[in-house]
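One structure is given here, and the rest of the page talks about it.
A, B, ... follow the sequence lines: proteins, then strands. Residue 1 opens every chain. Everything numeric here is computed off the predicted structure, so don't read it as measured data.
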2 protein chains.
Amino acid sequence: MSTSKTAPAPGIAEHKAAILRENRRVTSYDVALVAGVSQSAVSRCFKPGASVSKATYARVMKAAAGLDYIPNAAARSLITRRTNVVAVIISHVANLCHPEALSELSQQMGRHGKRLLLFTLQDEADAERALSEVWQYQVDGVIAVTTLTDAQIAEFERRRMPLVVFNRRVRGQVVNTVACDQYEAGHTLAARLAAAGHRSFGIIDGVENNAAPSARRRGASDKLAELGLPAPVIARGQYDYASGARGLREIIGHLGRTPDVVLCGSDIMAIGCLDCARHELGLAVPEQMSVAGFDAVEPSSWLSYNLTTLRQPIQKMAMAAAELLTKLMDSREGEAEKRMFSALFIEGSTARLLPPPNVFLAA
Amino acid sequence: MSTSKTAPAPGIAEHKAAILRENRRVTSYDVALVAGVSQSAVSRCFKPGASVSKATYARVMKAAAGLDYIPNAAARSLITRRTNVVAVIISHVANLCHPEALSELSQQMGRHGKRLLLFTLQDEADAERALSEVWQYQVDGVIAVTTLTDAQIAEFERRRMPLVVFNRRVRGQVVNTVACDQYEAGHTLAARLAAAGHRSFGIIDGVENNAAPSARRRGASDKLAELGLPAPVIARGQYDYASGARGLREIIGHLGRTPDVVLCGSDIMAIGCLDCARHELGLAVPEQMSVAGFDAVEPSSWLSYNLTTLRQPIQKMAMAAAELLTKLMDSREGEAEKRMFSALFIEGSTARLLPPPNVFLAA
DNA sequence: TTGTAAGCGTTATCAA
DNA sequence: TTGATAACGCTTACAA
């Protein structure tokens, strides 16, 4: 016999014990039973803006709290056809390269009430397997931070799955994209350095099939051609520190001498190139050779480097992607939109940005 | 009238058109209708190891492919009580500090057939809001890369939700934990440096309430006390580059001279400290002062730094967390287990690790 | 091996 | 404002 003086909840503890004993979940039915209302009344209490009387609401909430009841999202999504989950397909390297991207996307989608379901790819070519899982989870939309084939993009269309491609170029496809204009960035950088009197260019590029760096390289090469300068010497790298040193040696070997400037496909390679030039080859940078990076990562601003580079506005891009996807999910339509952002030039001190004195003399 | 010569699928196209018209999802019912079998037969075809004849399987799969049918995970989880989703609660800083942790956790849980649902926290104190959402999603388990209160941990217990805390200390609670032994790391580092003859220690620590760095500091302080050396001078930092320089100036100011060695709560602070010492104060490192970091991040290995530091085996830890959580999810029981990993000492070249000559003379 | 039928836990519709 | 009842799309006994 209970001696509790208030006995606030009639049988609430027994009810809970029974549920535990039967090893089942707490449902809106249990809450209804305890609160003495119908199950649909309980459901309404958890729907914002539904019409419920204050008294009912209070009783239901009390019962719910006592039973630790939480609505089951799976059951809800079955009928509402909304999961409030967005899939993010991101390659391992993309995540390491821009760790803030995922964080930002998560924060931004969170503001729209969506959570991220993560699909990480060992390899950019691996998207297929992730996709077949994505369809099962009935997500409301997808953000792809990886390259997709035309067939894959077509499947999104066919399944009417809202898609935003983040920071990858999609050639001529009707897809929503948020990206940084890599071609423009390469173009601008080359122009700026050529203006400072650099003539022989080396480029340490990324791997063959990666779109972003190759767009940059084309931008730079096009600008050099336009200016009538010799074509750059190109080395391939893997975006890592070691590639920078390897690339520099390769370029010097091919050219027979030090180039005026080396453009690197990533900051990490630029830093590798810089360290090799200074500590192993004994070159003064930027006096004897200029080095420029891409993708301003944090270390590029450190005193030992202070790299000349370009920053992608990842935060703004994440915000744009979240907005774009939300619009798509709400309306299920809309023309394909491509939001392009410009990279921001960071002067740094590893590239000579003014013409050397003798250029003035020659002029 | 169709003139197709094979007519492989009887009415499959019309069926699909009808579904599209009615704006509903493709269900196992549709597949059953097209394949001429029962709905449960379709279900069985998608359940690995169920008993289906080859002929039925083939017809079902053909129909499914024609209709782009994919089983609905929400409906499935409603009955199976498994979502194959694991929530990860991670603070913004934790993700930026160890971007590979999330990637590794995703890869490792993927090998167990689980996907990660991401909850990022602006602030470590913010877990409460994330949790109330976690319960709704009916995830199979949770990995917390953030600090949890006792009440929060108790709620996991109450809801019988499998939980693994990653790389955070949980004082005296019965929780499954995978972590790196920070106390031991601090202890070892101090011992090693003291053995090399360093006597006056400075420590640039993290923010007050963060457990990991303070455990390290205690480890180091305890060892110094044990050896009868003077207590270290402690400065507080925010784990960022600027904090390293600020901390160093503070220590020097407090001490009235340069300390023998500065232990930093993170590599980034150590690098900031190092750059400040070399480029702003003109100190030779390690000749005039030693600097050591923590949490070996990639830049610490670069030629310009080559930092003396300790590496946490994040990959191994992620693997252990995935295993531990999987075991919990499968069995729903088991004692609380704490898997401790040791940090790996990286010699680098920013700390003097051998006694200076005059020590030999004095001995 | 196959089909029938009963859930899983919600939301949505419609009378009352 | 409320309560009955019908979905939502699947898995799983159980019977055939």
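- To the nearest 0.5 Å, the span separating CD on A:Gln39 from CG on A:Leu33 amounts to 11.5 Å.
- The side chain to side chain contact (heavy atoms under 4.5 Å, CB included) search around A:Gln152 returns A:Ala127, A:Glu128, A:Leu131, A:Leu148, A:Thr149, not counting sequence neighbours.
- Counting only residues at least two apart or on different chains, the ring pair (Phe, Tyr, Trp, His ring centres under 6.0 Å) pairs with a member in residues 121-140 of chain A are A:Trp135-A:Phe156.
- The residue B:Ser40 sits close to a base: some heavy atom pair falls under 4.0 Å.
- Closest-nucleotide positions on DNA chain C for B:Ala75 and B:Val37 were compared, and the one nearer the 5' end corresponds to B:Val37.
- If you check every strand for non-hydrogen atoms under 4.0 Å, A:Arg25 touches sugar and phosphate atoms only.
- Heavy atoms of B:Ser43 sit under 4.0 angstrom from at least one base atom.
- Screening residues 14-44 of chain B for ring pair (Phe, Tyr, Trp, His ring centres under 6.0 Å), with sequence neighbours left out, gives no hits.
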Could you give the side-chain donor-acceptor pairs of residues 68-75 of chain A under 3.5 Å, partners two or more places apart or in another chain?
{"from": "A:Asp68", "atom 1": "OD1", "to": "B:Arg158", "atom 2": "NH1", "distance (Å)": "2.6"}
{"from": "A:Asp68", "atom 1": "OD2", "to": "A:Lys16", "atom 2": "NZ", "distance (Å)": "2.8"}
{"from": "A:Asp68", "atom 1": "OD2", "to": "B:Arg158", "atom 2": "NH1", "distance (Å)": "2.4"}
{"from": "A:Asn72", "atom 1": "OD1", "to": "A:Ala74", "atom 2": "N", "distance (Å)": "2.8"}
{"from": "A:Asn72", "atom 1": "OD1", "to": "A:Ala75", "atom 2": "N", "distance (Å)": "3.2"}

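- Fit an axis to the five pairs at each end of the helix from C:dT1-D:dA16 to C:dA16-D:dT1 and the two axes sit 30° apart, to the nearest 10 degrees.
- The number of heavy-atom neighbours closer than 6.0 Å to CD of B:Gln315, taken from other residues, nucleotides and ligands shown, is 12 or below.
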Quick one: side chains of residues 41-51 of chain B, donor-acceptor pairs under 3.5 Å with protein atoms, not counting sequence neighbours, listed by atom name and distance.
none

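- A:Thr56 comes within 4.0 angstrom of sugar-phosphate atoms only, judged by non-hydrogen atoms across all strands, and of no base.
- For DNA chain D, the outermost nucleotides in 5' to 3' order that have an atom under 4.0 Å from a heavy atom of chain A are D:dT1 to D:dG9.
- Every residue two or more places apart in sequence or in another chain that forms a side chain to side chain contact (heavy atoms under 4.5 Å, CB included) with B:Asp123 is listed here: B:Ala125, B:Asp126.
- Of all the residues in residues 66-74 of chain A, not one reaches under 4.0 Å from DNA chain D with any non-hydrogen atom.
- The 5' end of DNA chain C is approached more closely, in terms of each residue's nearest nucleotide, by B:Val52 than by the other of B:Val52 and B:Leu78.
- Going from atom OG1 of B:Thr120 over to atom CD1 of B:Ile90 covers 8.5 Å, rounded to the nearest 0.5 Å.
- Within the structure, every pair that satisfies the salt bridge (charged side-chain N to carboxylate O under 4.0 Å, His left out) test and touches residues 112-121 of chain A, not counting sequence neighbours, is listed here: A:Lys114-A:Asp140, A:Arg115-B:Glu133.
- Within the structure, the salt bridge (charged side-chain N to carboxylate O under 4.0 Å, His left out) test picks out the following pairs touching residues 20-37 of chain A (sequence neighbours left out): A:Glu22-A:Arg24, A:Arg24-A:Asp30.
- Counting 5' to 3', DNA chain C first comes under 4.0 angstrom of a heavy atom of chain B and last does so at the ends given by C:dT1 to C:dG9.
- When each of B:Thr177, B:Val178, B:Thr147 is checked for a side chain to side chain contact (heavy atoms under 4.5 Å, CB included) with B:Arg168, only B:Thr147 meets the rule.
- Side chains of A:Arg339 and A:Met317 form no contact here, defined as non-hydrogen atoms less than 4.5 Å apart.
- Among the atoms of the strands shown, only primed sugar atoms or phosphate atoms (P, OP1, OP2) are found under 4.0 Å from some heavy atom of B:Ser28.
- Contacts of A:Ser51 with the nucleic acid, taken as non-hydrogen atoms under 4.0 Å apart, include base atoms.
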